[in-house]
Amino acid sequence: MSFSLKLYNTLTREKQAFSPIDATNVRMYVCGPTVYDYAHIGNARPAIVFDTLYRLLRHVYGENHVTYARNITDVDDKINARALRDHPGLPLNDAIRLVTEKTETQYHEDTTALGCLTPTVEPRATDNIPQMIDIIEKLIARGHAYVAASEVLFDTKSMLDYGQLSKRPLDEQQAGARVAVDAHKKNPGDFVLWKLSSHNEPGWESPWGRGRPGWHIECSAMSQRYLGEVFDIHGGGLDLIFPHHENEIAQSRCAHGTQVMANVWMHNGFVQVEGRKMSKSDGNFITIYDLLHTETFGGRQWPGEVLRLAMLMTHYREPIDFSLKRLEEAERLIAKWPAAEVSGAAPCDTVLNALADDLNTVAAVQALHALAQEANVDAMVLPVFAASAALLGVLPKKAEIDQAVASAIDTLVEMRLEMLKAKNFPEADRIRNELSEKGIQLKDGKDAATGERVTTWELKR
RNA sequence: GGCCUCGUGGCGGAGUGGUGACGCAGAGGACUGCAAAUCCUUGCACCCGAGUUCGAUUCUCGGCGAGGCCUCCA
């Protein structure tokens, strides 16, 4: 095919032509949520960005030829803490399950509202403990890991080219600059693969005793299980490059003896608030739930499509300053777009090519906007618009209007036109206002041939 | 201290070694009984300095500024 997809690869720091290992099964792994609290709008960014990539890949390689895995981290010390805080009376395991299930359900509701498709698989860490233990045993057997002070640690010095992704040579780092180095580590950069659990911590039996996995090992285990030892794309936020992705790479490559873990590493930029990274530890975050369902931001609720479009109006690698103005602009744009159904038409080439250029959603949205304006004038363009909008996941849905209601509105519109002919303006305006209050927007136009007034209507969005 | 990004008009944002995208907002106009919607027109920018060049917003170097990672983090 003449179509060529280019993606920016953090490994090489350049845009490269994308060529899948197996075009009949393109494989992508994205780091998903740790389920202990509501997801914030910064967490929404990778969900939306990689959903858009998923849609593009499905379009290019076929819906059934893309495997998208996004993990759910349900073992983490923050989860334990939250469980103890929220459910002090319950046994720890029950409390943890309450926290993780509730949060996971909420995450799915949030991402669905943001127009994200469900990934092919959403593996849970706790369902993959044996796989993690297996990798750790391999690492020990191959001399890449050691046991010390009730922990299994990865030996970073055992990997000659550790640090390729973050371009961070170990010996040039200021070890312990911000956190004291544990004395039992051979090297400051060594990280935990497994640690023993006390009685009031969740744990699983292992060759090293009852314990729980370190932060990075789950992604190595789950990506291998669902995508294989080497796969196409690995995505996540910029802040995961080091240490998380670097360590995933170290574990997977050393366990499997491979040259790469994933061929392409993609990282989205941050959502910022007043020029600062939005993060839970800094407390400057706003949750997706609050935006969708409460009036905490800008004194109103925001539709998921608006949030999604606001996100796509900036290239995924650039920072986004989350502002009211941005949401308002996104909303104004969508309001001008026609509602439509996907009908099997091919998407517009301009939109497609924009996306193919390292997911240039900015150019894609602009092309889509131009297309929408054409479609508003020429109904023939509508299917192309619909297909293109669907590719970005921002197709306005046709509102369901009851037939009886619709004809009642039509009758009122007719009455108003009668009133206008009779120059009874107060009564005509009364009808217009009445409909407006019910969320019906009248649009007066002129019949090109006869010059007569023609009135159409639509639901306000 | 090390390493990574980035710096374009009120805002969002492409892009290019040479004729200053585009969108939103603003201004003016058309249409309208008045509006809304729509359409037309329009003002406003490339952080600073040096270098390369006939010519730099675009390339190189140096500043300055902003953000991020080196601790959990999307």
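Sequence lines set the chain letters: A, B, ... in the order given, protein chains first and strands last, and positions in each chain run from 1. This is a predicted model, so every value here is computed, not measured.
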### Task
Taking atom types as modelled, find out whether Y36(A) and N80(A) have a side-chain donor-acceptor pair closer than 3.5 angstrom.
no
#### Entry: D155(A) and K186(A) ion-paired at < 4.0 Å
yes
#### Entry: No-H, no-angle donor-acceptor pair, E329(A) side chain to G23(B) base, under 3.5 Å
yes
#### Entry: Option from E246(A), Q251(A), H244(A) for which side-chain hydrogen bond (donor to acceptor under 3.5 Å, both in side chains) with H216(A) holds
H244(A)
### Summary
Within residues 37-45 of chain A, those residues having any heavy atom closer than 4.0 Å to RNA chain B are H40(A), G42(A), N43(A)
### Message
Say we look at G20(B) and C3(B): how far apart would their P atoms be, to the nearest angstrom?
### Response
41 Å
### Query
Is there a donor-acceptor pair closer than 3.5 Å between any side-chain N or O of D282(A) and the backbone N or O of N284(A)?
no
### Query
Expressed as a whole number of Å, how far does the C1' atom of G15(B) sit from that of U58(B)?
9 Å
### Query
Side chains of R326(A) and T314(A): do they bring a donor and an acceptor to under 3.5 Å?
yes
### Message
In this structure, how many angstroms lie between the P atom of G13(B) and the CG atom of D357(A), rounded?
### Response
17 Å
#### Entry: Aromatic plane relationship, H144(A) with F154(A) - under 30° parallel, 30 to 60° tilted, over 60° perpendicular
parallel
### Parallel, tilted or perpendicular, as decided by the 30° and 60° cut-offs, for the rings of W265(A) and H267(A)
parallel
Under 3.5 Å, N/O pairs linking protein and nucleotides 6-9 of chain B:
none

### Task
Under 3.5 Å for both distances, Watson-Crick or G-U wobble, that's the pair rule; now give the dot-bracket for RNA chain B, with | marking pairs to another strand and [ ] for crossing ones.
(((((((..(((.....[...))).(((((.......)))))....(((((..]....))))))))))))....
### Query
With a 4.0 Å cut-off, would you call E329(A) and K325(A) a salt bridge?
no
### Query
Of S279(A) and Y8(A), whose closest RNA chain B nucleotide lies nearer the 5' terminus?
Y8(A)
### Query
Say you pick atom C1' in C61(B) and the same atom in G68(B); how far apart are they, in whole Å?
25 Å
### U5(B) versus C11(B) - spacing of their C1' atoms, nearest Å
22 Å
### Message
Could you tell me how far U53(B) sits from C70(B) if I compare only their C1' atoms? Round to whole Å.
### Response
41 Å
#### Entry: Check: N433(A) side chain, D429(A) main-chain N or O, donor-acceptor pair, under 3.5 Å
yes
### Message
Using a 4.0 Å heavy-atom cut-off to protein, can you give one letter per nucleotide of nucleotides 30-37 of chain B, 5' to 3': B if the base is in contact, S if only the sugar-phosphate is, - if neither?
### Response
-SSBBBBB
### Task
Using a cut-off of strictly less than 4.0 Å between a heavy atom of the residue and any atom of RNA chain B, enumerate the qualifying residues of residues 361-386 of chain A by number.
V362(A), Q366(A), H369(A)
### Task
Can you tell me, in whole Å, how much space there is between the C1' of A25(B) and that of G9(B)?
12 Å
### Whole angstrom value for the distance that separates C1' of G23(B) from NZ of K325(A)
13 Å
### Nucleotide G12(B), atom P - distance to CE of M311(A) in whole Å
15 Å
### Query
Roughly how far apart, to the nearest Å, are C64(B) and C47(B) at atom C1'?
8 Å
### Summary
Atom CD of E246(A) and atom P of C69(B) are separated, to the nearest Å, by 16 Å
### Query
Can you tell me how far CD of Q106(A) sits from CD1 of I288(A), rounded to the nearest 0.5 angstrom?
8.5 Å
### Query
Please give, in whole Å, the distance from C4(B) P to L11(A) CG?
15 Å
### Task
Counting heavy atoms from C-beta on, name the nucleotide in A25(B), G12(B), A74(B) closest to the side chain of R332(A).
A25(B)
## Note on the structure
From OH of Y316(A) across to C1' of U5(B) the rounded distance in Å is 13 Å
### Message
Among residues at least two apart in sequence or on other chains, which ones pass ring-ring contact (aromatic ring centres under 6.0 Å, His included) with F297(A)?
### Response
F322(A)
### Check: T73(A)/E218(A) side-chain N/O donor and acceptor closer than 3.5 Å
yes
### Query
Counting only heavy atoms not in E14(A), do more than 12 fall under 6.0 Å of its CD?
yes
### Query
Which part of the nucleic acid, if any, lies within contact of K280(A), taking any heavy atom under 4.0 Å across all strands shown: a base, the sugar-phosphate backbone alone, or nothing?
nothing
### Task
Determine, stepwise, if the pair R300(A) / E331(A) fulfils salt bridge (Lys or Arg N to Asp or Glu O under 4.0 Å).
CA-CA 13 Å; R300(A) 51 161 292 190; E331(A) 183 164 62; 2.8 Å; yes
### Message
OP1 or OP2 of G13(B) versus the side-chain N and O atoms of T314(A): is any pair under 4.0 Å?
### Response
yes
### Query
Under 4.0 angstrom, heavy atoms only, what part of the nucleic acid is S323(A) near: base, sugar-phosphate, or nothing?
nothing
#### Entry: Separation of G10(B) C1' from R326(A) CZ (nearest whole Å)
15 Å
#### Entry: Whole-Å P distance, G10(B) and G18(B)
25 Å
### Task
Give a yes or no answer on whether the side chain of S220(A) reaches the backbone of E248(A) with a donor-acceptor pair at less than 3.5 Å.
yes
### Message
Output the rounded distance in Å from CG (N247(A)) to P (C69(B)).
### Response
16 Å
### Query
At under 4.0 Å between heavy atoms, what does I241(A) touch on the DNA or RNA strands: base, sugar-phosphate, or nothing?
nothing
### Message
Considering every strand and a 4.0 Å limit on heavy-atom distances, what is the contact class for E328(A): base, sugar-phosphate, or nothing?
### Response
nothing
### Query
Are R70(A) and F50(A) in a cation-pi setup, meaning NZ or CZ lies under 6.0 angstrom from the ring centre and within 45 degrees of the ring axis?
no
### Query
Y29(A) ring centre to R27(A) NZ or CZ under 6.0 Å, with the angle to the axis within 45°?
no
### Message
Assess, by modelled atom type and distance only, whether the side chains of D290(A) and Y38(A) contain a donor and an acceptor separated by less than 3.5 Å.
### Response
no
